[in-house]
**Q** 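Here's a structure for you.
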Protein chains: 2
Amino acid sequence: MQCCEIAHTEAVEDYLRTIFKLSGRGLPVTTSAVAEQLGVSPPTVSAMLKRLEASELIDRSGGRAIALTAHGDRHAAGVTRRHRLVETFLVQVVGFGWDEVHAEADVLEHAISERLEERIDDLLGHPTHDPHGDPIPPRTGEHVESWAAALGSAAEGSRFRVQRVADDDSNALRYLADRGIKPGTVLEVVRREPFGGPIWVMVEARSHALGPTLADLVHGETA
Amino acid sequence: MQCCEIAHTEAVEDYLRTIFKLSGRGLPVTTSAVAEQLGVSPPTVSAMLKRLEASELIDRSGGRAIALTAHGDRHAAGVTRRHRLVETFLVQVVGFGWDEVHAEADVLEHAISERLEERIDDLLGHPTHDPHGDPIPPRTGEHVESWAAALGSAAEGSRFRVQRVADDDSNALRYLADRGIKPGTVLEVVRREPFGGPIWVMVEARSHALGPTLADLVHGETA
DNA sequence: CAACCAGATTAGATGCGTCTAATCTAATCC
DNA sequence: GGATTAGATTAGACGCATCTAATCTGGTTG
């Protein structure tokens with residue numbers, strides 16, 4: 001069965017984007033990881049993976065790990081592109097906060113036509129990154145989905161430039177935005193408490209203690 | 001079974017909006033009419049109508065005619081509201097032509113959240129009509145879906161103000177827009193050819209011959 | 001009135017996407 | 001190396017939305 005023999009249903013797009021996302025973050029891409037991410041049961045994922053494999057969108061020759069084929073990667077990047085364009089559009093044009101757009105985009109990514117996708121891209125001036133700092137895959141051509149180092153592992157005393165913040169948790173995003181932490185922010189790592197304690201950072205002359213969970217959502221490089 | 005026990009799937013919303021649309025135009029609302037409109041088979045409609053009736057969204061006590069209950073009408077008006085708000089948004093904010101938005105809105109109407117619906121409404125300044133002149137149902141309260149007289153039945157020599165143009169056919173919309181015929185246009189009915197012949201109208205000092213099919217898409221009142 | 005016809009429904013089937021319960025597999029650990 | 005255990009799959013089921021083929025229903029017409 002070739003790719004184009006599978007219906008590009010919302011579910012198929014959801015699975016592809018999830019696999020794309022996990023791969024991009026360097027996380028293990030397994031049945032259970034996908035199930036967890038999508039909030040469905042492992043058998044459901046098993047069944048879908050079988051169909052994706054039959055359509056040559058994924059490759060499972062590497063043991064438990066699931067990899068996108070070149071074909072699958074193109075489609076997954078397409079869905080991701082729409083997701084991130086929609087997020088950018090909702091923030092820049094519609095006036096939503098960066099913490100409000102993820103769930104909205106999760107639905108809209110399946111609902112916009114190619115024409116609307118292009119129009120939004122034009123309207124926004126062909127953005128390269130969404131409001132969370134995630135790179136927007138180009139319509140054609142190569143795309144690299146790299147995550148820089150997490151703030152959670154930055155050295156004490158270093159200056160850290162935020163590039164990207166994981167967009168999964170609205171509350172975390174709101175919390176971080178309230179403290180001025182967003183892509184582009186440069187902060188100072190004052191102190192790292194041991195034993196899973198918080199990391200103290202200085203942003204615009206104010207210091208904040210971020211728990212390790214939160215600190216791991218923030219990625220960037222030493223500035 | 002009460003209304004809220006039925007899932008508000010896309011299909012359910014599609015059926016409700018279709019029934020709403022046919023009723024609003026004063027057309028017969030029957031199994032086959034709905035099937036035709038939605039492009040599905042009559043048995044499929046039969047099955048869905050049974051579920052809609054069990055959920056008390058429609059009432060079929062009037063022989064073959066299908067009527068929305070008060071409850072069903074509220075839901076149908078909600079879907080229609082989203083459809084028309086999206087159309088307006090796509091034209092006014094995104095820059096689409098009025099002939100391009102119907103198909104787009106058919107999908108997006110199911111995908112926008114209540115929050116986004118409200119935000120779009122605010123952004124547009126609470127419009128009362130969409131680009132085709134169709135009234136946008138208010139979020140709460142009464143809504144009247146009335147179609148004025150068709151241009152096809154306007155008297156020779158009368159002046160006719162266009163209020164509303166049926167949005168089903170992109171090509172027809174483009175054709176009409178090219179000739180300056182859209183809501184608000186005032187035109188003069190020069191001559192009606194008999195035997196299903198065209199109707200001659202004068203718009204901005206240019207005259208055009210419109211076939212009866214086309215003329216029946218244009219609704220308004222003598223000005 | 002009987003036959004016909006249009007329109008609606010029932011019967012039976014399919015594919016998708018999901019579930020739970022049971023089973024299989026493969027890595028880990030004493 | 002055998003037992004445990006985590007993870008994946010198979011088995012069996014369900015609801016939604018759709019189809020085709022067959023049947024039912026009700027009005028019109030010769």
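Order of the sequence lines sets the chain letters (A, B, ...), proteins ahead of strands, with each chain counted from 1. Below, each value reflects all heavy atoms present in this structure, side chains not excepted, and no hydrogens, waters or symmetry copies. None of these values were measured; they are calculated from a predicted model.
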**Q** Without decimals, in angstroms, what is the distance between A:His8 NE2 and C:dC16 C1'?
**A**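 Answer to the nearest Å: 15 Å.
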
**Q** What is the separation between atom CG on A:Leu38 and atom P on C:dC16, rounded to the nearest whole Å?
**A**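 About 18 Å, once rounded to whole Å.
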
**Q** Write down the distance between CG (A:Asp14) and P (C:dC16), rounded to a whole number of angstrom.
**A**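 Rounded to whole Å, this separation is 16 Å.
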
**Q** Classify the ring geometry of B:His143 against B:Phe20: parallel below 30°, tilted from 30° to 60°, perpendicular beyond 60°.
**A** parallel

**Q** Looking at C:dA8, C:dT18, D:dT9, which one has an atom nearest to any side-chain atom of A:Pro42?
**A**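 Closest nucleotide among those given: D:dT9.
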
**Q** Could you check whether A:Ser32 gets within reach of a base, just the sugar-phosphate, or nothing at all, counting any heavy atom under 4.0 Å?
**A**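 Contact class for A:Ser32: sugar-phosphate only.
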
**Q** For the pair made of CD in B:Glu53 and P in C:dA8, what is the distance, rounded to whole Å?
**A** 14 Å

**Q** Does B:Lys50 put a side-chain nitrogen or oxygen below 4.0 Å from OP1 or OP2 of C:dT10?
**A** yes

**Q** Can you check whether B:Arg60 has a side-chain N or O nearer than 4.0 Å to OP1 or OP2 of C:dA8?
**A** no

**Q** State whether the number of non-hydrogen atoms from other residues, nucleotides or ligands found under 6.0 Å of B:Arg115 atom CZ is greater than 12.
**A**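 Incorrect, the count does not exceed 12.
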
**Q** Expressed in angstrom and rounded to an integer, what is the separation of B:Leu52 atom CG from D:dC16 atom P?
**A**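 Interatomic distance, CG of B:Leu52 to P of D:dC16: 12 Å.
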
**Q** Below the 4.0 Å mark, does D:dG7 have OP1 or OP2 next to a side-chain nitrogen or oxygen of A:Thr30?
**A**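 For A:Thr30, the contact criterion (side-chain N or O under 4.0 Å from OP1 or OP2 of D:dG7) is not met.
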
**Q** Quick one: which of C:dA8, D:dT10, C:dC16 gets closest to the side chain of A:Arg51?
**A** C:dC16

**Q** Please determine if a side-chain N or O atom of A:Ser41 lies less than 4.0 Å away from the OP1 or OP2 oxygen of C:dT18.
**A**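 For C:dT18, OP1/OP2 do not have a side-chain N/O of A:Ser41 under 4.0 Å.
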
**Q** Just N and O in the side chain of A:Thr44: are any of them under 4.0 Å from OP1 or OP2 of C:dT18?
**A** no

**Q** Atom CD of A:Glu13 to atom P of C:dG17: distance rounded to whole Å?
**A**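 So the two atoms are 11 Å apart, to the nearest Å.
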
**Q** What integer distance in Å separates A:Glu36:CD from D:dA6:P?
**A**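 From A:Glu36 CD to D:dA6 P: 15 Å.
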
**Q** Would one find more than 12 heavy atoms of other residues, nucleotides or ligands at under 6.0 Å from atom CH2 of A:Trp147?
**A** yes

**Q** Using a heavy-atom cut-off of under 4.0 Å over every strand shown, decide if A:Thr31 touches base, sugar-phosphate, or nothing.
**A** sugar-phosphate

**Q** For the residue pair A:Glu104 / B:Ser113, report whether a side-chain donor-acceptor contact shorter than 3.5 Å exists.
**A** yes

**Q** State whether B:Tyr15 places a side-chain N or O below 4.0 Å from either non-bridging phosphate oxygen (OP1 or OP2) of D:dC16.
**A**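 Checking B:Tyr15 against D:dC16: no side-chain N or O falls below 4.0 Å of OP1 or OP2.
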
**Q** Does the distance from a Lys or Arg side-chain N to an Asp or Glu carboxylate O, for B:Arg17 and B:Asp134, drop under 4.0 Å?
**A**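 A salt bridge is absent here (no side-chain N lies under 4.0 Å from a carboxylate O).
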
**Q** Expressed in angstrom and rounded to an integer, what is the separation of B:Leu49 atom CG from C:dT10 atom P?
**A**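 From B:Leu49 CG to C:dT10 P: 11 Å.
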
**Q** Would you mind telling me which residue lines up with the more 5' stretch of DNA chain C, A:Arg64 or A:Pro43, judged by nearest nucleotide?
**A** A:Pro43

